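For reference, the structure discussed in these notes is given below.
Order of the sequence lines sets the chain letters (A, B, ...), proteins ahead of strands, with each chain counted from 1. Note that the structure is a prediction, hence the values are computed from the model and not measured.
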Amino acid sequence: MPNQNCIHCGSKSDAEKHLTQGELTTLGTSCARVNFKKGELIFREGNVATNIVYLTSGLVKIHMKGPVSDKILRLTKAPAYLGLPTTIGDKVNQYSATALSNSTACFISLDIFRDFIVQNSGFAYEIILDLCRNELTDYQRYTNLSQKQLPGRLAEILMCLSEKIFESNRFELPLSITELADFISSSRESVSRQLSEFAKSKIIKLSGRELEIVNTELLQMICMKG
DNA sequence: GCATTAACCACAG
DNA sequence: CTGTGGTTAATGC
């Protein structure tokens, strides 16, 4: 595969915008762009981490194996880095990333990436910023999810999908019922029932995977009350 | 006690 | 994988 031309790439991360022409050229020699189909694994928990992965298009779930079942940690929408903590923080991936839609990701050699952090403070700062923001939203989600009952937890995820991911009241559910359960730490049966409940009380409309939030105010209420 | 919540199991599409 | 019904354990009036 020929080297990527990162200099003129339109999907640079905020950090990469700080790179010099020379650094971008270096980046090009060690960056490979790969397409993934919906459902394909981008990197696997337990494998050796040798690349930084930057998602340029698509939606991805970050998940790890629990003692009982899979646990979805986070949904990540492009553009975003997928595994900075697991790639830099350990030699082996602590979690997996799976494409929820057709996606494109750049694989960047860890050595090069580390050099940029050491050499370029603007680049390093953006990376730290990214990590900090993610950590904050994760803290928020986990405190929220751990203190709400099922309706509140499900409502929160639906609101999040609607507001943050799709920016619409109407969207196709990117997660199966089982995955929703893995996300909000519940059982698939409970999620299934709760979704029907929401539909029955006209808060949402669900046909197949198509979901429409009809009564946003009420869903918001349920979300906040827990 | 009684009601509520939600997990677990089993079975059927 | 999803939906449903029955059962059960924990928790809160």
Rounded to the nearest Å, what distance is computed from the [atom1] atom of residue [X] to the [atom2] atom of nucleotide [N]?
X	N	atom1	atom2	value
A/Arg209	C/dG3	CZ	C1'	13 Å
A/Leu195	B/dA6	CG	C1'	15 Å
A/Glu197	C/dT4	CD	C1'	13 Å
A/Ile177	B/dA7	CD1	C1'	17 Å
A/Ile184	B/dA6	CD1	P	10 Å
A/Gln194	C/dT2	CD	P	16 Å
A/Gln147	B/dA6	CD	C1'	18 Å
A/Lys225	B/dT4	NZ	P	15 Å

Is the shortest side-chain N/O distance from [X] to OP1 or OP2 of [N] below 4.0 Å?
X	N	answer
A/Thr178	C/dT2	yes
A/Ser186	B/dA6	no
A/Ser187	B/dA7	yes
A/Arg193	C/dG6	no

Mutual orientation of the aromatic rings belonging to A/Phe36 and A/Phe107 [parallel < 30°, tilted 30-60°, perpendicular > 60°]: tilted
Ring geometry between A/Tyr95 and A/Phe43 (parallel below 30°, tilted from 30 to 60°, perpendicular above 60°): tilted
Ring center gap for A/Tyr81 and A/Phe113 short of 6.0 angstrom: yes
Pairwise side-chain contact, A/Ile112 with A/Ile52, heavy-atom cut-off 4.5 Å (strictly under): no
Close side-chain approach of A/Leu154 to A/Leu195, heavy-atom, < 4.5 Å: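 In short, these two side chains touch, coming nearer than 4.5 Å.
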Candidates C/dT4, C/dC1, B/dA7 - which lies nearest the side chain of A/Ser176: C/dC1
Inter-end axis angle, the helix from B/dG1-C/dC13 to B/dG13-C/dC1, with every axis fitted to five base pairs (rounded, 10 degrees): 10°
Closest contact, heavy atoms only, A/Thr216 versus A/Met159: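 Heavy atoms of A/Thr216 and A/Met159 come nearest at CG2-CE, 4.1 Å.
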hydrophobic_cluster_shared for A/Phe123 and A/Leu24, side chain cutoff 4.5 Å: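 Yes, A/Leu24 connects to A/Phe123 through the hydrophobic network.
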Sugar-phosphate only, base, or nothing, as touched by A/Glu189 at under 4.0 Å among non-hydrogen atoms: base
